[in-house]
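It should be emphasised that the depicted structure is a prediction, and the values quoted were computed from it without experimental measurement.
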Amino acid sequence: MASVGLKGMGVSRGIAIGRAYLLQSNQPAIAEYLLTDDELVAQEIERFNGAVLAAQAELRRIRDRIPVSIPVDIASFIDTHLLMLEDKAIASDPVKLIVQRRCNAEWALKLQRDALVNVFEQMDDPYLRTRKDDVDHVVNRILRILLNHEDKLQVSGKLAGCVIVADDLSPADTVTMQNEGVIAFVTEYGGPTSHTTILARSLGIPAVVGVRNVLRYVRHGEQLVVDGHIGVILAGMDQQDITYYRRRHADDRRQHALLRKLKTTPAVSRDGRSISLRGNVELPEDLAEMKRVGARGVGLYRTEYLFLNREELPSEEEQYEDYLKLVRALNGAPLTIRTLDLGADKALPGDRRLETRGGSAVNPALGLRAIRLCLRDAAMFKTQLRAILRVSTEGPVNLMIPMLCSVQEILQTLELIEQAKRELGREGKFFDERLPVGGMIEIPAAALSAEAMARHLDFFSIGTNDLIQYTLAADRLDTNLGHMFQATHPAVLRLIDMTIRAGHKAGIPVAMCGEMAGEPRYTRLLLGLGLREFSMQPAMIPEIKHIIQNSDIEQLTKKARRVLRLPSTVETELFVDELNAVATIAAC
């Protein structure tokens, strides 16, 4: 049999070789049926409430089985789903549908799930959009109980050494897999920012997601190779292929052991240049992973989760307490807080006024979002600014503005910050008068205006995900355009270079917090272009640090600028290969 390769997205690096264990969902279509009298309605409500309680009990049992030796706060992911089971959107609203429509619990829950998922699917931010997975995972757990389906992973003793192949997996499934000795997983759906893949990276489980029709092409029990580095799975290999991948697997293990030793070592190049490596944080519980890899601060803290799944906007005090926990946990390391990056998808709680201001956006990525939304709703924005200002006295805090397009937006924001300072001063509340204010460069217009913007800001941070998307007019989440989403497109590289040079000219730091910052392939290129601050998914920090420690930045700087004269992505990619090969040989 000839070998077969299937391509997906590598979301947790590593090589694994094992037998496929197929988890077919086989969930039947959910039918609606009418409840003919009040007694049946009452019984259906009781059945639904019982299923919710049973789902909570299952998750608590899974949480209790988490080994204390695991250096990651996995329980927090389970707690997120437990909180969702208490939220009225899942725990109460389906009951209202049962009463209003006089329908069965499964149908009411399906209707509510569809409504919630639709809200998340309209969001432009990839992290927020993948939160629909959490809705699906929680709802499917309740549905399985209502339909009397057994938990597909309750097969104790049968999973050790296996590669799980499934349509999708929840964080609770990932915990179970860790306990059962699963060595890797492959799914048809999922993305790089789902809680499941974040967990996989934290636990060091190789994973490939988005492999279309994988359940049709892979046979239960056949030997698979999972290559999480490039997002490929292979089946039907001969002995020579297996030997090759076993050797790569052994090399991977040696490399991981080496990287673990780098936790306490500084990110200093061979020619003595110190580089700042910080972590991107989605939730406060992500700090556990940062500490595990030795990250020196947070380069991007997303605040959107504070505004989701609720009816009222978070108060100043609630936001302050959230930021305060982070500052204290970081123990003197810097925290960069990005102001709210929501909107256009009508995701804000308790504010329906935005829905009538000019109509809904056809393309949320180009609509009323991020700083545009915040400047439109100054009262909401000022509440967040006050909370950030107040916490700035507790440690090194930076404020970062997303999706800047013009100097005018910066000036408007700075005026609101000054207003907030005056208010706090009159109230006798303390704040750092010199709180650093920076801007994200993620729109081509911002990169082209970087010199003018740098006169009014204390730092830049390049958001490559959106910068690539907007420069190339290619939705980064559209699988049909994956081949067009190119970090090394000549136009993208020139915009990055333009931003770095503008920052250096103005004497302000320039960081990068997009996915490109955490991609080892591009580390040496970015160092050569002058980038000295990287912020990334914490799990990638050891590998990036290793590359820095084995690089001569002076030599890279002399060579890297040649890439800006190349006319095509094919040529820039070949140049990156050459740059990495030469640097690797020099380090040996």
Side-chain angles (χ1 to χ4, degrees), residues 5-11 13 15 192 208 227-232 234 244-245 248 251-252 255 269-271 273 275 444 447 462-476 478-501 510 512 514-532 534 536 540 543-588:
L6 298 175
K7 187 75 173 72
M9 183 185 303
V11 294
R13 298 161 72 84
I15 302 289
V208 178
D227 188 336
H229 296 284
I230 60 174
V232 166
L234 300 166
Y244 166 76
Y245 278 102
R248 280 195 58 195
D251 290 342
D252 257 12
Q255 179 74 356
S269 67
R270 294 174 66 221
D271 55 338
R273 309 288 183 90
I275 306 299
I462 303 171
T464 53
N465 301 350
D466 272 335
L467 185 62
I468 297 167
Q469 171 175 255
Y470 290 131
T471 302
L472 304 181
D475 187 341
R476 55 189 167 172
D478 188 337
T479 55
N480 297 312
L481 299 177
H483 64 289
M484 294 186 65
F485 194 79
Q486 301 163 330
T488 53
H489 188 286
V492 174
L493 293 179
R494 287 165 194 162
L495 291 172
I496 291 172
D497 175 66
M498 190 178 296
T499 303
I500 294 173
R501 285 191 291 109
V510 180
M512 180 179 287
E515 291 297 318
M516 192 176 180
E519 174 49 61
R521 174 172 171 74
Y522 304 130
T523 302
R524 289 189 170 105
L525 173 64
L526 294 171
L527 290 170
L529 291 177
L531 190 70
R532 299 294 180 263
F534 296 68
M536 65 199 74
M540 296 308 302
E543 189 167 353
I544 301 298
K545 184 187 290 187
H546 179 64
I547 293 172
I548 291 168
Q549 292 176 341
N550 287 279
S551 296
D552 186 313
I553 293 179
E554 184 178 353
Q555 293 301 316
L556 290 174
T557 302
K558 292 177 181 177
K559 296 174 182 176
R561 301 202 64 79
R562 282 173 36 213
V563 78
L564 301 172
R565 299 194 295 270
L566 300 176
S568 72
T569 306
V570 171
E571 289 168 282
T572 58
E573 283 290 320
L574 288 172
F575 178 85
V576 171
D577 288 337
E578 177 188 332
L579 191 68
N580 288 331
V582 171
T584 301
I585 291 170
C588 292

Suppose we screen for side-chain hydrogen bond (donor to acceptor under 3.5 Å, both in side chains). Which residues come up paired with [X], at least two apart in sequence or across chains?
{"X": "Thr572", "value": "none"}
{"X": "Thr557", "value": "none"}
{"X": "Glu554", "value": "none"}
{"X": "Gln555", "value": "none"}

Apply side chain to side chain contact (heavy atoms under 4.5 Å, CB included) to Arg248 and list each qualifying residue two or more places apart in sequence or on a separate chain. Ile15, Asp227, His229, Tyr244, Tyr245
Checking Ser551 against Leu556 for the side chain to side chain contact (heavy atoms under 4.5 Å, CB included) test, could you report, in this order, the C-alpha distance in whole Å, the side-chain angles of both residues, the deciding distance, and whether it holds? CA-CA 8 Å; Ser551 296; Leu556 290 174; 3.9 Å; yes
Identify, with sequence neighbours excluded, every residue that meets salt bridge (Lys or Arg N to Asp or Glu O under 4.0 Å) alongside [X].
{"X": "Asp497", "value": "Arg501, Arg561"}
{"X": "Arg532", "value": "none"}
{"X": "Arg494", "value": "none"}
{"X": "Glu543", "value": "Arg13"}

Between Asp271 and Ile553 (side chain of the first, backbone of the second, donor and acceptor by atom type, cut-off under 3.5 Å), is there such a pair? yes
Of all heavy-atom pairs between Leu531 and Met512, which one has the smallest distance, and what is that distance? CD2-CB, 3.6 Å
Shortest non-hydrogen pair, Leu493 vs Thr488, comes out as CD1-O, 3.7 Å
Are Arg273 and Leu527 close enough that some pair of their side-chain heavy atoms sits under 4.5 Å apart? no
